[in-house]
Amino acid sequence: MSEMSRTILLVEDNEDDVFAFQRALKKAQIVNPVQVVVDGQQALDYLSGTGPFVERVKYPLPFLVFLDLKLPYRDGFEVLAWIRQRAELNSLVVVILTGSDETRDHQQAYALGARSYLVKPPTPDELKRLIDSMQSYWSRYGDGGPVVREAR
Amino acid sequence: MNPICVAQPAGKNGGAKNINRCQHAVQFYEEDEFLTRSVAEFAEAGLRAGEGVVVIATSAHRAAIEEELQRRGAPLAMAKSRGHYAAHDAVETLARIMRDGVLDEEQFRAVIGDALAGAGNGRNGVRAFGEMVALLWADGTRAAAAKLEQLWNELQATRRFSLLCAYPMSGFRSAQDAEEFRGICGAHSIVIPAESFTTKADDGQQRLIAELQQKAIALEAQIAMTRRDEETRRQLAAIVESSDDAIIGKNLNGVITHWNRGAERIFGYTADEIVGRPVTVLIPPERQDEEPMILGRLRRGERVDHFETVRCRKDGERVDISLTISPIKDHTGNVVGASKIARDITIRKRTELQQQALYDLALAVNRAEALSDIYAAALDAICRCQRADRAAILLYDSEGGMRFTAWRGLSDPYRCAVEGHSPWKRAESNPQPVWIDDVSEAPIDQHLRTVITREGIRACAFVPLTYDKRLLGKFMIYYDAPHRFSTTELRPIEVIASQVAFAIKRQEDAAALESLVNERTASLREAVAQMEEFSYTVSHDLRAPLRGMQVYSQALLEDYAEKLDPEGQHCLERIAENAARLDRMVLDVLTFSRVSRSELRIERVSLDKLVRDLVTHYPGMQPPRARIEIEPLADVCGHEPSITQAVSNLVSNAVKFVASGVTPHVRIWTETRDDGVRLWVSDNGIGIAPAHQHRLFRMFERVHPSPRYDGTGVGLAIVRKAVTRMGGEVGVESDGVNGSRFWIRLPKAEAAA
């Protein structure tokens, strides 16, 4: 990943949750482009640039993935495990977005290399805090990092 | 030489009447009549010669003598009236001349002297008859008799009188009496033989005759005794012969010398067959060393008492016996042989063995882990009870055939050949044992006979194995030789059969129970797994629509508020609140379900740390919103996540249920009691009226109106579920006005090592 992408990928099959996420992001004044895929297989295709996502210009690699756990075809854990096996996705930050604060999900997600864990619906504050907490991590890519904030 | 008394030979006629003065004659007699006549002659001669007469005799003799004197026309009456005839009782006189049980010389001289002087006063002389010596002799005080004779002799040396003594021959019946008899003769100057001899003889001959008479009497007595002995011996022999026990005589070389009917019955040999043969014939080869031990003890003169051993019958069968062996000694005390009394204890031994076998089986059945252990123990018990080498257990298989299940000493071909045979029908409700005493004579199929005979079996018995009137199988008992079975004999086997049948049934029941338990456990596991899956689904999928409702109503309220009038806004708020409330309820139910299912790892838990950490995490429990005082808290035993859940619910409630405008004030402390540690959470809230307290810990029970106090009605149910699963208890104290005091009791933590 030579050039830092500004795309956020949301892997979520529930359109209400997509709405809630996008609204919260907006309220947190984060205006990065968001790409949405609706199942685990699409997530893999998007990230590997295959199938309908072969055009990288149109579907750029994200710098941040919000990943639901309960997904059609391949669940969030499978997607997460797949991501962590790909060297080129090494710096990709994965945040789990889940409907329930279940201990067993927590543990598995962190064990597979998730960066963080948010219970749906995330509030604008939560999103903001989360992204702020990773600012220093992204800062080393220069250019102020990938996060695009709405001008006040 | 005595100057007064000169010893003279007795008169030639040998009678008592011609005894001269100074002569001391002895008269032996057999019949009292003869004595009476002799003494009467002696007295008559004295009276007629003008002498005094003293008679010291028993009352019977005195009377007889006086009667005889009168019959003879002797001047008795006159002599008596003048004191010339004095009769004294022998017993009384004897008493008078004794002092302290011993003859007293002075008394003798005084008493007898007076008697002689009285009768002889003014007479030509005096003569005396006395039989005190005979009384002493008959009493067995023979030395005293001899002493009295000597006193008479000494008295005669000082006074002139003639003296006649008398002894009945019955006092000299033993051959051993001969010497003393001669001594008595020697103490007298004249010896007059008993009546059997009437011929006149000189003194020497008379003495010889008297001695011969004594010998003859002794011989007669000897013969009579021998006859009595013979009779006793015959009786003893009859007793020995009729004894149930074997009574055997043997010499020191171990050769049998005597053999009674009992021995014949127990060992099967007749006396003719066995007398003269060594006793080792009866001893089994493995016990041959017993005989030298027994003989060794006998030679030392020791007895062998109740020695329990085994001997062989003539037919080769073993017999359990209890032996008592005593040495037989000859008259010099040398051991010359032994008498051996053998009691047949086969039945007792067998009963003991059977009891032991049954007892061992009962133990084995209790300890058995598998049916095969029980079969092995049962075979062992059968063989021991029956003294059989071979046995088998056959049980019905699923196809209804009796199959060998366990066996001992049977070949594979044999088992294959006979399997399936049964003397009973399967439906038979009360099958009885069946037996074959001798296979060669039994009315059985020729082919079967051949098979059985080839296996070396000569006798066998079939004992049914039943439970609750249901035939399960059978026991088989086999003998290599013909065997006389009996119903009584097989009774212990039936006991074993009932034990084994019961054990089989118990095992079947246990197996059925176990498979049932396994089945139920599996279905429970599946139910739990399904429940977990369901919970997961609920938490992820059921909550999604609620989330949607919240998100959209929130969006409306935030972005379109200005387009709604206050009622429209209120409606939206109510939608959002209800969605939120339903979500909380779903979460609480999930928590309750998790608390109910989760595996509990019980460990020592520091309540102090747990409570303080918990309170720190909730902003609603911090000042100024609430004041929470925590005293130092004790440690308990429990599952930390469950305790956290319970305490968190209690403290949340304590903070939540306060009157409006009141700052919650919560106090938390522990109290250690015998039954555990109580954690108290007291508040200054609105309290719970005692009437409602019993509903408090139930699911979805709410005792306060919902608009003011928001709750799902699940929190305290979770507390109770969590605490009771850890072996604890929950409770509340409240008057319904002045706050509440909730408590949970948990097991104490073990004292720190």
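First the proteins, then the strands, lettered A, B, ... as listed; each starts at 1.
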| query | Is any NZ, NE, NH1 or NH2 atom of the basic residue among B:Arg547 and A:Asp17 found under 4.0 Å from an Asp or Glu carboxylate oxygen of the other? | reply | yes
Is the count of non-hydrogen atoms from other residues, nucleotides or ligands lying under 6.0 Å from [X] atom [atom1] greater than 12?
| X | atom1 | result |
| --- | --- | --- |
| B:Arg520 | CZ | no |
| B:Glu599 | CD | no |
| A:Tyr73 | OH | no |
| B:Glu603 | CD | yes |
| B:Glu567 | CD | no |

| remark: So, the part of A:Lys70 with a heavy atom under 4.5 Å from chain B: the answer is side chain
| task | Write down the atom of A:Asp16, the atom of B:Gly548, and the distance for their closest heavy-atom approach. | result | CB-CA, 4.3 Å
| said: Would you say that B:Asp559 contacts A:Arg23 through its side chain, given a criterion of any heavy-atom pair below 4.5 Å between the two side chains? | reply: yes
| note | Value for NZ (A:Lys27) from CD (B:Gln554), rounded to nearest 0.5 Å, stands at 8.0 Å
| remark: Looking only at B:Val551, B:Leu587, B:Leu590, most heavy-atom pairs under 4.5 Å shared with chain A are made by B:Val551
